[in-house]
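Heads up, the thing below is written out as C-alpha cells.
For the numbers below, each heavy atom of this structure counts, side chains included, while hydrogens, waters and symmetry mates do not. We count residues from 1, following the sequence as given.
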Amino acid sequence: MKLARRALLAAALTLPAVGALAAPLVMGFSQVGAESEWRTANTASIKAAAKAAGITLKFADAQQKQENQVKALRSFIAQKVDVIAFSPVVESGWDTVLKEAQKARIPVILTDRAVKVSDPSLYATFIGSDFVEEGRKAARWLLERAARTPNAALNIVELQGTVGSAPAIDRKKGFEEVIQANPRLQIIRSQSGEFTRAKGKEVMESFLKQRDKKIDVLYAHNDDMAIGAIQAIEEAGLKPGVDIAIISIDGVRGAFEAMKAGKLNVTVECNPLLGPQLMALARDVVAKKPVARRVTVEEGVFPAEVAARELPKRKY
C-alpha cells in the first residue's frame, strides 16, 4: 500500500503545474494610432475583447508611422508572443519583418487593413472591411442623387486618407469605378487629409480658395475628415450638406450627429468593433485550425434621413 502511495506521489510530482497548463494566450497587437473616432473605438473593442477572452494583450501604438510598427513587431517576436496582429499603416514594405515572424513560427493576423507582400503565406488571415466596396457604396448613393437632375454636371472634391494606406487606395478605386457610369460626375481636386479632422479642415480650406470651379460634392474617405471639412465650409460662409453635398465613410457617432444637424448627407459604415472576432480567430490560428483567408463584416449605408432614428443605437 505504501509503495502504491509513493508511486502516485512520484507521478504527481512529474506533472506540470496547473498554472503552466492554464497559461493565457499572448497576443502582440500594433495599432495604427488614434487618428479618428473610428480608431479609438477599434482599440477599445480589441482591448475589451482580449480581457473578456482571457488573452494577454501586448499593445503598441504606431502613431501612424510604419517604422514604429516594424519596431513593435520585432519586439513581439523577441518576446516570443503566441500570435501577432496588426493594422498596417501602409500596404507595402512588410516582407522582411513578416519573414522574421514566420521564421520564429509566430502566426500573423491582419486587422482592418491589408498588405501587399511577395508571399501570401506570410500572414494567416485578414479580418476587416471591404474598402473597395465602401467606395462603391458611396458612389452609388451619389449616382442616385445625380439622377434627380440628369443634365446637371457635378464637381467633386476628394479628401483621401493616409497616402499609401489600403483604405485610401481602395476607397478611391471603388468610388471612381462607379462614377464612371455618369460622365457628368468629375473629381476636380483630390488630396490627402491624413484621416484627421485638423488636416481635413486644412485641405478643404485650400479647395475652397481655388475659385476656378464651383464645388458641388465632397467625398471624404472618413468621417473625421468630413467633420473637419464641415468647419471649413461653414467658415467660408456656405452651408455644408446644402451648398455642398457631403459623403463620408465610417459611420461614427460624430457623423450621425452631423447628419442630424443637416450638415452631412450620408455615411457608409465601416465597423470598428472587430475585437471579439479577432480573439476567436487568434485562438483558432494558434491551435492550427483552418480559418478563412479573409473575414469580412456586414455594413450598411446611412443617409441623413435615418440619422435621428439610428443615432441612439450607435455603439461607436
| field | Any donor-acceptor N/O pair, Gln210 side chain to Ser206 backbone, under 3.5 Å | value | yes

| Charged N-O contact under 4.0 Å between Arg171 and Asp250 | yes

| task | Mind checking the NZ-CD1 spacing from Lys201 to Ile233? Nearest 0.5 Å is all I need. | result | 11.5 Å

| query | Strictly under 6.0 Å, is that where the ring centroids of Phe86 and Trp94 end up? | reply | yes

| said: If the threshold is 4.0 Å, N to carboxylate O, is there a salt bridge linking Glu257 and Lys260? | reply: no

| Is Glu298 atom CD crowded by more than 12 heavy atoms from other residues, nucleotides or ligands, each under 6.0 Å away? | no

| task | Can you measure from CD1 (Ile127) to CD1 (Ile109) and round to the nearest 0.5 angstrom? | result | 8.0 Å

| message | Using only atom types and a distance under 3.5 Å, with no angle test, would you say the side chain of Ser87 pairs donor to acceptor with the backbone of Thr111? | response | yes

| query | According to a 4.5 Å side-chain heavy-atom criterion applied to Ile, Leu, Val, Met, Phe, Trp and Tyr, with indirect links allowed, do Val306 and Trp141 form part of one hydrophobic cluster? | reply | no

| note | Looking only at heavy atoms, the pair that brings Arg293 and Thr125 closest together is O-OG1, 3.4 Å

| task | Report yes or no: is the cationic atom of Lys58 (NZ for Lys, CZ for Arg) closer than 6.0 Å to the six-membered ring centre of Phe29, at no more than 45° off its axis? | result | no

| Under 3.5 Å, is there a donor-acceptor pair between the side chain of Asp216 and the main chain of Asn155? | yes

| said: I'd like to know if the side chain of Glu91 reaches the main chain of Pro167, judged simply by a donor and an acceptor atom lying under 3.5 Å from each other, with no hydrogens or angles considered. | reply: no

| field | Candidate list Glu202, Glu37, Glu35, test salt bridge (Lys or Arg N to Asp or Glu O under 4.0 Å), partner Arg197, passing option | value | Glu37

| query | Roughly how far apart are Asp112 CG and Asn42 CG, rounded to 0.5 Å? | reply | 6.0 Å

| query | Minimum heavy-atom separation for Ala166 to Ala114, with atom names? | reply | CB-N, 3.9 Å

| field | Cluster link Ile187 to Leu142, ILVMFWY, side chain under 4.5 Å | value | yes

| Measuring from Gln191:CD to Met204:CE, what's the distance to the nearest 0.5 Å? | 11.5 Å

| query | Do Thr162 and Glu194 have side-chain atoms, one donor and one acceptor, less than 3.5 Å apart? | reply | no

| request: Please assess Lys209 against Glu205 for the test salt bridge (Lys or Arg N to Asp or Glu O under 4.0 Å), listing each intermediate value before the final yes or no. | output: CA-CA 6 Å; Lys209 287 175 183 175; Glu205 285 171 344; 5.5 Å; no

| request: Dump the intermediate steps for salt bridge (Lys or Arg N to Asp or Glu O under 4.0 Å) on Glu234 and Lys239, then the final yes or no. | output: CA-CA 6 Å; Glu234 289 180 320; Lys239 291 184 178 180; over 6 Å; no

| message | What I want to check is whether the side chains of Gln160 and Ser190 have a donor and an acceptor closer together than 3.5 Å. | response | yes

| request: List the steps and the verdict of side-chain hydrogen bond (donor to acceptor under 3.5 Å, both in side chains) for Asp95 and Ser118. | output: CA-CA 7 Å; Asp95 284 73; Ser118 58; 2.5 Å; yes

| request: Using atom types as modelled and distance alone, determine if a side-chain donor or acceptor of Ser36 lies under 3.5 Å from a backbone N or O of Arg39. | output: yes

| Looking at His221, Glu177, Glu158, which hits side chain to side chain donor-acceptor pair (under 3.5 Å) with Lys172? | Glu158

| task | Please confirm whether the backbone N or O of Val90 pairs with a side-chain atom of Arg113, one donor and one acceptor, at under 3.5 Å? | result | no

| Is it true that the side chains of Ser248 and Asp223 contain a donor and an acceptor less than 3.5 Å apart? | yes

| said: To check you understand the geometry: which heavy-atom pair defines the closest contact between Arg314 and Gly251, and what is its length? | reply: NH2-O, 2.9 Å

| request: Quick one: which residue pairs count as a ring pair (Phe, Tyr, Trp, His ring centres under 6.0 Å) with a foot in residues 283-316, not counting sequence neighbours? | output: Phe256-Phe302

| said: Donor-acceptor check, side chain of Thr56 to backbone of Val26, threshold 3.5 angstrom: yes or no? | reply: no

| message | Can a donor-acceptor pair be found, under 3.5 Å and without considering hydrogens, that links the side chain of Ser30 to the backbone of Gln69? | response | no

| message | Taking the basic N atoms (NZ, or NE/NH1/NH2) and the acidic carboxylate oxygens, is any pair closer than 4.0 Å for Lys137 and Glu134? | response | no

| Test item: Asn222 side-chain N/O and Phe195 main-chain N/O as donor-acceptor pair under 3.5 Å | yes

| field | Val132 backbone acceptor or donor facing Asp170 side chain under 3.5 Å | value | no

| message | Can you confirm whether Arg105 is buried at CZ, in the sense that more than 12 heavy atoms of other residues, nucleotides or ligands lie under 6.0 Å from that atom? | response | no

| task | For the pair Lys103 and Glu100, find out whether any cationic side-chain nitrogen is under 4.0 Å from an anionic carboxylate oxygen. | result | no

| Pair Arg140 + Glu133: basic N to acidic O under 4.0 Å | yes

| query | Once you round to the nearest 0.5 Å, how far does CD1 of Ile230 lie from CG of Leu238? | reply | 13.0 Å

